[in-house]
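We're numbering straight along the sequence, starting at 1. Below, all heavy atoms of this structure are taken into account, side chains as well, without hydrogens, waters or symmetry copies. Since the structure is predicted, the reported quantities are computational estimates derived from the model, not experimental observations.
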Amino acid sequence: MDLRALRERAGLKIIDVAHILECAESSIRNWEKGRTLPKMEVWQVFRMRDLYRCTEAELVLAVRKSMPTEQKEQEKPTE
């Protein structure tokens, strides 16, 4: 499940999430489309977790699933 799916499952609109997290709507859109990685303060991460009714692990997985494939490859640790 990606970030958009988590948001929609919680019945939230982008504008609602942006308002509650005190960030721009464009930031939420960019996170969902994998254009940028979320850069949030700790309180925002916990608030997003609560809004989306998920665990921290599910949130991390959703961020990874939202990223483009080439960006995922860059995130892998080298051996």
Peer 1: Among residues at least two apart in sequence or on other chains, which ones pass side chain to side chain donor-acceptor pair (under 3.5 Å) with E22?
Peer 2: none

Peer 1: Would you call C23 and I28 a side-chain contact if the rule is heavy atoms closer than 4.5 Å?
Peer 2: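 C23 reaches I28 side chain to side chain.
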
Peer 1: Do L37 and W31 touch side chain to side chain, with heavy atoms closer than 4.5 Å?
Peer 2: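 No - every pair of side-chain heavy atoms lies 4.5 Å or more apart.
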
Peer 1: Do Y52 and F46 share a hydrophobic cluster, counting only Ile, Leu, Val, Met, Phe, Trp and Tyr and linking them when any side-chain heavy atoms are less than 4.5 Å apart?
Peer 2: no

Peer 1: What I'd like to find out is whether the side chain of L59 reaches to under 4.5 Å of the side chain of L3, using heavy atoms alone.
Peer 2: yes

Peer 1: Just to verify, what does N30 make a side chain to side chain donor-acceptor pair (under 3.5 Å) with, not counting sequence neighbours?
Peer 2: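 By the side chain to side chain donor-acceptor pair (under 3.5 Å) rule, N30 matches R35.
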
Peer 1: What I'd like to find out is whether the side chain of R9 reaches to under 4.5 Å of the side chain of L6, using heavy atoms alone.
Peer 2: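 Yes, their side chains come closer than 4.5 Å.
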
Peer 1: Given the rule that I, L, V, M, F, W and Y join up when any side-chain heavy atoms are under 4.5 Å apart, are I20 and V17 in one cluster?
Peer 2: yes

Peer 1: Using atom types as modelled and distance alone, determine if a side-chain donor or acceptor of Q44 lies under 3.5 Å from a backbone N or O of L21.
Peer 2: yes

Peer 1: Would you kindly confirm whether V63 and M40 end up in one hydrophobic cluster when ILVMFWY residues are joined by side chain heavy atoms under 4.5 Å apart?
Peer 2: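 They do share one cluster, since a chain of ILVMFWY contacts under 4.5 Å joins V63 to M40.
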
Peer 1: Got a second to check how far L12's CG is from L51's CG, nearest 0.5 Å?
Peer 2: 5.5 Å

Peer 1: Using only atom types and a distance under 3.5 Å, with no angle test, would you say the side chain of R29 pairs donor to acceptor with the backbone of I14?
Peer 2: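 Looks like no, no N/O pair under 3.5 Å.
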
Peer 1: Is there a donor-acceptor pair closer than 3.5 Å between any side-chain N or O of R49 and the backbone N or O of E56?
Peer 2: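 Looks like no, no N/O pair under 3.5 Å.
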
Peer 1: May I ask you to test the V60-R64 pair for a side-chain heavy-atom distance under 4.5 Å?
Peer 2: yes

Peer 1: If you round to the nearest 0.5 Å, how far is CZ of R7 from NZ of K13?
Peer 2: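 Those atoms lie 10.0 Å apart.
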
Peer 1: Which atom names give the shortest non-hydrogen contact between P68 and G34, and what distance separates them?
Peer 2: CD-O, 3.2 Å

